[in-house]
Amino acid sequence: MLKGKTALVTGSTSGIGLGIARSLAAQGASILLNGFGDSEAAIAEVKAAGAAHGIAVDYHGADMSKPAEIEAMMTFGAERFGRIDIVVNNAGIQHVAAVEDFPPEKWDAILAINLSSAFHTTRLALPAMRAANWGRIINIASVHGLVASAQKSAYVAAKHGLVGLTKVTALETATTGITCNAICPGWVLTPLVQKQVEAKAAASGISIEAATEQLLGEKEPSMRFTTPEELGALAVFFCSEAAANVRGAAWNMDGGWAAQ
Ligand code: NAD
């Protein structure tokens with residue numbers, strides 16, 4: 001379905017980004033990976049997912065908190081693949097603390113990585129998408145783009161901002177073949193959430209299993225994690241022609257979290 005298209009997935013060496021990259025590759029898209037850590041393992045996984053289609057996979061290690069590095073990655077992507085047709089803005093970090101204890105440098109980092117990076121990739125990708133009159137921009141926000149939780153001021157502010165950026169981008173491209181939508185996951189068991197489970201277990205002196213139960217019980221009525229594969233399938237749908245007039249949506253896949 002996506003043969004001949006190229007997708008950039010930021011923060012795709014791990015978790016949700018890697019899952020979405022695999023799903024897009026399985027539909028025939030060539031992939032530009034990004035993120036820290038083990039890029040070789042991610043490249044191998046995504047190549048394997050797209051093997052039937054003979055896709056190309058490459059990697060750029062841009063730090064998504066640095067606009068100059070984002071620009072370098074977008075230039076690299078255009079030169080390497082001809083054009084970036086699909087941008088999945090996924091790179092993100094978390095820090096948990098009350099507003100009055102929140103380290104200002106963590107606030108700045110979360111806003112830069114979880115929000116501003118999407119502004120930069122979007123502004124840099126749009127000219128080529130407009131020239132082709134086709135494009136898909138998918139912002140991985142969060143249920144925290146729709147509702148708040150205590151201790152997560154920077155994250156909630158950034159994700160609400162990302163949902164706002166999604167709507168504006170959708171309006172500005174509304175008469176074109178470019179769409180922009182947000183995906184708002186609830187809990188997904190990735191390294192980002194594993195750290196929060198471990199912190200909960202340590203703080204309350206309980207087991208990891210009990211902390212997991214508590215974490216889900218507080219917020220997620222389905223009492224289970226959403227998987228990167230489920231989120232990948234939703235990203236594939238947004239890339240499809242069936243979704244050509246889905247514009248500015250903030251689609252939660254959260255086990256009922258935001259319905260409460
Ligand atoms: P993760 O920690 O598994 O992956 C984060 C990815 O971002 C990694 O590839 C990491 O290397 C990359 N990254 C971090 N800082 C970066 C930087 N400065 N430059 C480039 N890459 C950087 O986390 P995840 O849970 O897969 O999260 C992915 C996205 O999904 C995030 O935006 C997160 O906010 C969002 N999300 C996660 C959950 C969840 O429950 N896990 C829920 C809702 C939304």
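First listed ligand is number 1; within each ligand, the first listed atom is number 1. The figures that follow rest on heavy atoms only: side chains count, while hydrogens, waters and symmetry mates do not.
The side chain to side chain contact (heavy atoms under 4.5 Å, CB included) test with Thr166 is passed by exactly one of Ile137, Asn89, Thr122, Asn139: Asn139.
Salt-bridge annotation for Glu230 and Arg224: present, with a side-chain N of the basic residue lying under 4.0 Å from a carboxylate O of the acidic one.
Using cut-offs of 30° and 60° for the angle between ring planes, the Trp187 and His144 rings count as perpendicular.
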Note every protein N or O atom lying under 3.5 Å from an N or O atom of ligand 1, pairing the names and giving the distance.
residue  : atom   : partner : partner atom : Å
ligand 1 : 3 (O)  : Ser14   : OG           : 2.6
ligand 1 : 9 (O)  : Gly11   : O            : 3.2
ligand 1 : 9 (O)  : Thr13   : N            : 3.3
ligand 1 : 9 (O)  : Thr13   : OG1          : 2.7
ligand 1 : 11 (O) : Thr13   : OG1          : 3.4
ligand 1 : 11 (O) : Phe36   : N            : 2.9
ligand 1 : 18 (N) : Asp63   : OD1          : 2.9
ligand 1 : 19 (N) : Met64   : N            : 2.8
ligand 1 : 25 (O) : Thr190  : OG1          : 2.4
ligand 1 : 26 (O) : Ile16   : N            : 2.8
ligand 1 : 32 (O) : Asn90   : O            : 2.7
ligand 1 : 32 (O) : Lys159  : NZ           : 2.9
ligand 1 : 34 (O) : Tyr155  : OH           : 2.5
ligand 1 : 34 (O) : Lys159  : NZ           : 3.0
ligand 1 : 36 (N) : Tyr155  : OH           : 3.4
ligand 1 : 40 (O) : Gly186  : O            : 3.3
ligand 1 : 40 (O) : Val188  : N            : 2.7
ligand 1 : 40 (O) : Val188  : O            : 3.3
ligand 1 : 41 (N) : Val188  : O            : 3.1
ligand 1 : 41 (N) : Thr190  : OG1          : 3.1

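The cationic group of Arg130 does not satisfy the cation-pi geometry with Trp134, failing either the under 6.0 Å distance to the six-membered ring centre or the 45° limit from the ring axis.
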| said: One pair to check against ring-ring contact (aromatic ring centres under 6.0 Å, His included): His95 and Phe102. What are the steps and the verdict? | reply: CA-CA 8 Å; His95 185 78; Phe102 214 91; 5.3 Å; yes
| request: Report the C-alpha distance between His60 and Leu32 in whole Å, list the side-chain angles of each, state the deciding distance to 0.1 Å, and finish with yes or no for side chain to side chain contact (heavy atoms under 4.5 Å, CB included). | output: CA-CA 7 Å; His60 193 285; Leu32 178 55; 4.3 Å; yes
